[in-house]
Amino acid sequence: MSYAAKTLRTTLRRLLTAQVSLVLAAVAVYFSMKGWQAAVACLYGGSIALFNTLVSAQRLGRASERAGTDATRGMMELYIGAVIRFVAT
């Protein structure tokens, strides 16, 4: 595994940890102030944000691997990720 891939993985892990912590804190606040329906809505929105982060990171990793051999294929990986995020959300 290259240095860039290790750095990307470490950064992604820190980002996801921060996002999960913030989503859970927001869910707890909404649950205590507005009830379970608001907490579920907050959890749903947070899940979409986490999904977008995961898809972006996965496609960025693939694009960086492929860009070394074929720049066009690397660019296609990024476009595919954008389409997945657009369709899913």
Side-chain angles (χ1 to χ4, degrees):
M1 185 179 290
S2 70
Y3 175 74
K6 287 179 185 178
T7 304
L8 179 65
R9 186 174 297 236
T10 303
T11 304
L12 173 64
R13 189 174 297 127
R14 288 175 46 204
L15 175 64
L16 286 174
T17 302
Q19 282 185 332
V20 166
S21 300
L22 288 172
V23 167
L24 292 178
V27 167
V29 167
Y30 272 97
F31 182 74
S32 66
M33 295 180 74
K34 300 286 184 176
W36 68 271
Q37 290 177 333
V40 170
C42 183
L43 183 62
Y44 180 72
S47 301
I48 290 173
L50 291 170
F51 175 77
N52 280 334
T53 301
L54 286 172
V55 169
S56 295
Q58 178 192 26
R59 289 297 168 174
L60 184 61
R62 284 187 183 183
S64 63
E65 288 174 3
R66 305 267 165 87
T69 57
D70 183 14
T72 304
R73 183 66 182 153
M75 206 54 156
M76 285 301 296
E77 290 292 339
L78 294 175
Y79 285 130
I80 290 169
V83 169
I84 290 172
R85 288 192 328 260
F86 181 75
V87 170
T89 58

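Keep in mind it's a predicted model, so treat the numbers as computed, not measured. Excluded from the calculations below are hydrogen atoms, water molecules and symmetry mates; all remaining heavy atoms, backbone and side chain alike, are included. Note that the numbering runs from 1 along the sequence shown for the chain.
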key: CD1 on Ile48 to OG1 on Thr53, rounded to 0.5 Å   = 12.0 Å

key: Path from Leu54 to Val20 over hydrophobic side-chain contacts below 4.5 Å   = yes

note = Taken to the nearest 0.5 Å, the spacing of Thr11 OG1 from Arg14 CZ works out to 6.0 Å

task = Taking side-chain contact (heavy atoms from CB on, under 4.5 Å) as the test, write out the residues that go with Val83, two or more places apart.
result = Val87

message = With clusters defined by side-chain heavy atoms of hydrophobic residues (ILVMFWY) lying less than 4.5 Å apart, directly or transitively, does Leu15 cluster with Leu22?
response = no

ask   = Which atom names give the shortest non-hydrogen contact between Val23 and Leu43, and what distance separates them?
value = CG1-CD1, 4.3 Å

remark   = d(Leu78 CG, Ser56 OG) to nearest 0.5 Å is 9.5 Å

query = Going from CE on Met76 to CZ on Arg62, what distance comes out if it is rounded to the nearest 0.5 angstrom?
reply = 13.0 Å

ask   = Residues sharing Val55's hydrophobic cluster, by side-chain heavy-atom contacts under 4.5 Å among ILVMFWY, directly or via others?
value = Phe51, Ile80, Ile84

task = If a pair satisfies salt bridge (Lys or Arg N to Asp or Glu O under 4.0 Å) and one of its residues is in residues 42-61, list it, with sequence neighbours excluded.
result = Arg59-Glu77

